[in-house]
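Okay, structure first, notes after.
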Amino acid sequence: MSSSLNINQGADLTAPTPQNTPLNQAPISLGLSRPTVPDISEDNEQEDIGEGRLAELVGRSSGYIESLPVEIKLNVEALKGVQEQQNELVQQYKLECLELEKKYLNLTKPLYERRKAIINGTATATKEEIEAGEKVSAEDIEEYEPLPKDATPSTDGIPEFWLTALRNHIGLNELITDRDADALKHLTDIQLEYTADGKPGFKLLFHFTPNDYFENDVLEKTYYYQEKVGYGGDFVYDRAIGTDIKWKEDKDLTKEFEIKKQRNKTTNRTRLVRKAKPADSFFNFFYPPVPPSPEAIEEGEIDEDELDEIEEKLEIDYQIGEDLKEKIVPRAIDYFTGKAIEYDFEDDDDYDLGDEDDDDDDDDDDEGSDSDAPRPAKKGGNKVDPEECKQQ
């Protein structure tokens, strides 16, 4: 699988030592200099690693190191000590990179505030801003036609800006249902902050105008990294915490209600009972999956299939948070216009949209494809057509 959500546990097995590969493998890779996802399973499914002599050594010694003279073993241990010093420098480097990210976020905030004002109609776009934007459009669009010089910018801003931008992201489009869209029309801004409680991580803040669905003015989602960087030298995601949404009566978009008949065994009378069941919704994003405790895994309270399902949900949740931080917030206008879509399709395969209507007869044509790559299940949103998005 080529996706950055790929559980390719053999990716780091290039030229290992003759002794063995680690029993606990490195976290799942999400790309260069990007936080990774820890593997919550303990057995690490050796069948995914591949075949051959190196695969057979995973988790056990070949006997080579044990056969070395003591004097050479001392040198081996010394190299481990040197490596630990290198690891400490990498840790320091990543923490300094995080501080640099915070610095440039603060420098960018005035631009984000200006964007927010134009979107929500609290400020009027200037002539200089419009001319700079038209220059960009002329470079991007071969037959771009400049807008009339005597026209004036609307004081209404850009309606449904953030709903459109979110729907033009491959993964989020899969999560947004028609029911969600009405609530997301009230989304006025998405802000990024870094955690200030001494733990590395970031926070996403979704700002809303008053609406018929919930009382909150702001919905938050916080992602924490583990204190130490992972084996590959990147931060590793630790956990995510979402907002407790204060839903108005009968407006919880994460639930569906159904009426069922219930019979009293004593009187034999029936009554109608209203029951809630989980529903697909973008707002489930604020109720992140919780990793099982090591004790629960060790004691076998969770079976292998459940572990796989939880791990996939965690990967998707972390990936969406990362994309909001790295892509959608900084390049919101490109997602609104659809410009970003072609780059999402070219640069990575994090979200395999597929064609749900494909017949089984097409299986032969898909051999060797990434059809099994983890991705969000279809949630009721419409599939993305880059050309249609660009015309919005």
Side-chain angles (χ1 to χ4, degrees), residues 3-6 11-12 24-40 82-116 169 171-172 189-207 218-243 285-286 288-291 311 314-332 334-335 340 343-344 347-348 350:
S3 164
S4 65
L5 292 178
N6 179 12
D12 292 325
N24 296 318
Q25 298 171 23
I28 301 164
S29 174
L30 284 179
L32 291 175
S33 300
R34 303 177 68 185
T36 56
V37 183
D39 191 344
I40 61 176
V82 173
Q83 180 64 54
E84 184 60 25
Q85 294 180 57
Q86 292 178 236
N87 294 343
E88 291 173 1
L89 287 176
V90 171
Q91 176 79 20
Q92 182 180 343
Y93 164 73
K94 294 302 294 186
L95 290 174
E96 290 186 13
C97 284
L98 191 60
E99 291 303 314
L100 197 60
E101 286 186 22
K102 294 178 182 180
K103 172 186 174 180
Y104 277 90
L105 176 62
N106 287 330
L107 293 175
T108 307
K109 279 185 176 179
L111 300 177
Y112 285 163
E113 289 298 319
R114 181 62 184 163
R115 179 178 72 184
K116 176 184 176 181
H169 177 271
L172 288 171
D189 196 24
I190 304 177
Q191 294 179 343
L192 169 66
E193 294 180 359
Y194 285 92
T195 50
D197 54 5
K199 299 178 181 179
F202 64 92
K203 179 186 296 186
L204 298 164
L205 301 93
F206 294 69
H207 293 259
V218 182
L219 301 181
E220 299 181 0
K221 180 75 171 286
T222 304
Y223 289 91
Y224 287 103
Y225 305 143
Q226 293 182 10
E227 296 289 341
K228 289 191 174 182
V229 298
Y231 185 82
D234 294 323
F235 281 113
V236 178
Y237 275 110
D238 184 43
R239 67 189 189 281
I241 301 174
T243 295
F285 174 72
F286 298 98
V290 179
E311 186 172 58
L314 286 168
E315 290 178 87
I316 292 171
D317 182 64
Y318 294 146
Q319 182 66 60
I320 289 176
E322 187 73 12
D323 280 4
L324 282 162
K325 171 181 176 283
E326 297 289 340
K327 297 180 178 181
I328 296 175
V329 170
R331 290 190 170 271
D334 290 341
Y335 280 92
Y343 294 97
D344 282 352
D347 293 347
D348 57 54
D350 294 340

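The minimum heavy-atom distance between Y194 and K325, with the atom names listed, is OH-CE, 3.6 Å. Closest approach of L314 to P289, counting heavy atoms only: CD2-O, 3.6 Å. Scanning all heavy atoms of the two residues, the minimum distance from K94 to F235 falls at O-CE1, 3.7 Å. Across all their heavy atoms, R115 and A332 have their closest contact at NH1-CB, 3.5 Å. Summarising the geometry of E322 relative to Y225, their closest heavy-atom pair is OE1-OH, 4.4 Å, with the distance given to 0.1 Å. Considering every non-hydrogen atom in both P200 and T195, the closest pair reads C-OG1, 3.6 Å.
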Q: Give the intermediate values and the outcome of side-chain contact (heavy atoms from CB on, under 4.5 Å) for residues H207 and L205.
A: CA-CA 6 Å; H207 293 259; L205 301 93; 3.9 Å; yes
Q. H169 and D323: side-chain hydrogen bond (donor to acceptor under 3.5 Å, both in side chains), yes or no, with the steps?
A. CA-CA 9 Å; H169 177 271; D323 280 4; 3.0 Å; yes
(Q) Assess the residue pair Y237 and E315 against the criterion (side-chain contact (heavy atoms from CB on, under 4.5 Å)); give the C-alpha distance rounded to whole Å, side-chain angles, the decisive distance to 0.1 Å, and a yes or no. (A) CA-CA 10 Å; Y237 275 110; E315 290 178 87; over 6 Å; no
(Q) For Q92 and L95: C-alpha separation, side-chain torsions, deciding distance, then whether side-chain contact (heavy atoms from CB on, under 4.5 Å) applies. (A) CA-CA 5 Å; Q92 182 180 343; L95 290 174; 5.9 Å; no
Q | Chi angles and distances behind the side-chain contact (heavy atoms from CB on, under 4.5 Å) call for F206, F285 | A | CA-CA 12 Å; F206 294 69; F285 174 72; 4.0 Å; yes
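Checked against ring pair (Phe, Tyr, Trp, His ring centres under 6.0 Å), Y224 has no partners two or more places apart in sequence or in another chain. Under the side chain to side chain donor-acceptor pair (under 3.5 Å) criterion, R331 pairs with D334, not counting sequence neighbours.
At least one side-chain heavy atom of L100 sits less than 4.5 Å from a side-chain heavy atom of K103. Using a 4.5 Å heavy-atom cutoff, the side chains of L98 and E101 are in contact. Using a 4.5 Å heavy-atom cutoff, the side chains of L324 and L192 are not in contact.
A salt bridge does not link E88 with K228: none of the charged nitrogens is closer than 4.0 Å to a carboxylate oxygen. Ion pairing between a basic and an acidic side chain is recognised when a charged N comes within 4.0 Å of a carboxylate O; D317 and R239 show no such pairing.
In this structure, K327 is not positioned above the aromatic face of Y335 in the sense of NZ or CZ being under 6.0 Å from the six-membered ring centre and within 45° of the axis.
Using a distance-only test at 3.5 Å, with no hydrogens or angles considered, no donor-acceptor pair links the side chain of T243 to the main chain of L219. Without hydrogens or angle criteria, Q91 side chain to V229 main chain gives a donor-acceptor distance under 3.5 Å.
For the atom pair CD (E193) and NZ (K203), the distance works out to 6.0 Å, reported to the nearest 0.5 Å. With values rounded to the nearest 0.5 angstrom, K116 atom NZ is found 14.5 Å from L111 atom CG. The CZ atom of F286 lies 8.5 Å from the CG atom of L204; values are rounded to the nearest 0.5 Å.
When the shell of 6.0 Å around NZ of K109 is examined, it contains more than 12 heavy atoms from other residues, nucleotides or ligands.
Side-chain contact check for Q191 and Y112: no donor-acceptor pair (N or O, by modelled atom type) lies under 3.5 Å.
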